[in-house]
**Student:** 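I'd like to ask you about the structure that follows.
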Amino acid sequence: MEKEIEIQAAVFRRLLRHLDSRKDVQNIELMNLAGFCRNCFSKWTVAEAQKLGVDVDIDQAREQIYGMPYNEWKEKYQTPATEEQLAKFNQSHKK
């Protein structure tokens, strides 16, 4: 079981490195295609930490996921969502 957790942690770190290498992929695109994004990882980090009795601030979690403060990442890499992206997002989240 210990090795399984190590492997899962390594895979997660690899996923974060992959997302970091694809800053061109916007969160709304991830949400529209996969139903989750970098912000979801941040929220999941906080939620899972709470289950284990560990206090993790959302800003800490975001910095871990984004590799920098969230506001800095947004300023450098986030582009405005298109009307088409927003419409697709809103349609998929009506359910």
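For the numbers below, each heavy atom of this structure counts, side chains included, while hydrogens, waters and symmetry mates do not.
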**Student:** Not counting sequence neighbours, list each pair that qualifies as a salt bridge (charged side-chain N to carboxylate O under 4.0 Å, His left out) and has a residue in residues 24-38.
**Tutor:**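 Output for this query lists Arg22-Asp24.
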**Student:** Per the salt bridge (charged side-chain N to carboxylate O under 4.0 Å, His left out) rule, what does the pair list look like for residues 73-93, sequence neighbours excluded?
**Tutor:**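 Listed by first then second residue: Glu72-Lys76.
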**Student:** Checking Tyr77 now: which residues fulfil side-chain contact (heavy atoms from CB on, under 4.5 Å) with it, not counting sequence neighbours?
**Tutor:**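 So Tyr77 forms a side-chain contact (heavy atoms from CB on, under 4.5 Å) with Lys23, Met68, Trp73.
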**Student:** Show me the donor-acceptor pairs, under 3.5 Å and distance only, between side chains in residues 52-62 and residues at least two apart or in other chains.
**Tutor:**
residue : atom : partner : partner atom : Å
Asp57   : OD2  : Asp59   : N            : 2.7
Asp57   : OD2  : Gln60   : N            : 3.4
Gln60   : OE1  : Asp57   : N            : 2.8

**Student:** Which atom pairs, donor and acceptor, lie under 3.5 Å between side-chain atoms of residues 2-13 and protein residues at least two apart or in another chain?
**Tutor:**
residue : atom : partner : partner atom : Å
Glu4    : OE2  : Gln8    : NE2          : 3.3

**Student:** Looking at NE2 of His93 and CE of Met31, how far apart are the two atoms once the value is rounded to the nearest 0.5 Å?
**Tutor:**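 His93 NE2 to Met31 CE: 3.5 Å, rounded to 0.5 Å.
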**Student:** Taking only residues two or more places apart in sequence or in another chain, which ones pass salt bridge (charged side-chain N to carboxylate O under 4.0 Å, His left out) with Glu48?
**Tutor:**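 Salt bridge (charged side-chain N to carboxylate O under 4.0 Å, His left out) list for Glu48, sorted by chain: Lys51.
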**Student:** Calculate, to the nearest 0.5 Å, the distance between atoms CG and OG belonging to Asn32 and Ser92 respectively.
**Tutor:**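 Rounded to the nearest 0.5 Å, the CG-OG separation comes out at 5.5 Å.
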**Student:** What's the spacing between Asn27 CG and Phe36 CZ if we round to 0.5 Å?
**Tutor:**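 These two atoms lie 10.5 Å from each other.
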**Student:** Please write out which residues are connected to Leu33 in a hydrophobic cluster, directly or through intermediates, given that two of Ile, Leu, Val, Met, Phe, Trp, Tyr count as joined at side-chain heavy-atom separations below 4.5 angstrom.
**Tutor:**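 Once heavy-atom contacts under 4.5 Å are chained together, Leu33 still belongs with nothing else.
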**Student:** Given side chains that start at C-beta, do those of Leu30 and Leu19 come closer than 4.5 Å, heavy atoms only?
**Tutor:**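 They are in side-chain contact.
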**Student:** Who pairs with Tyr70 by ring-ring contact (aromatic ring centres under 6.0 Å, His included), at least two apart in sequence or on another chain?
**Tutor:**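 Checked Tyr70 against ring-ring contact (aromatic ring centres under 6.0 Å, His included); matches are Tyr66.
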**Student:** Hey, could you give me the CD/OG1 distance between Gln85 and Thr79, rounded to the nearest 0.5 Å?
**Tutor:**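 One finds 6.5 Å between CD of Gln85 and OG1 of Thr79.
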**Student:** To the closest 0.5 Å, what do you measure between CG (Leu15) and CG (Asp20)?
**Tutor:**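 The CG atom of Leu15 sits 11.0 Å away from the CG atom of Asp20.
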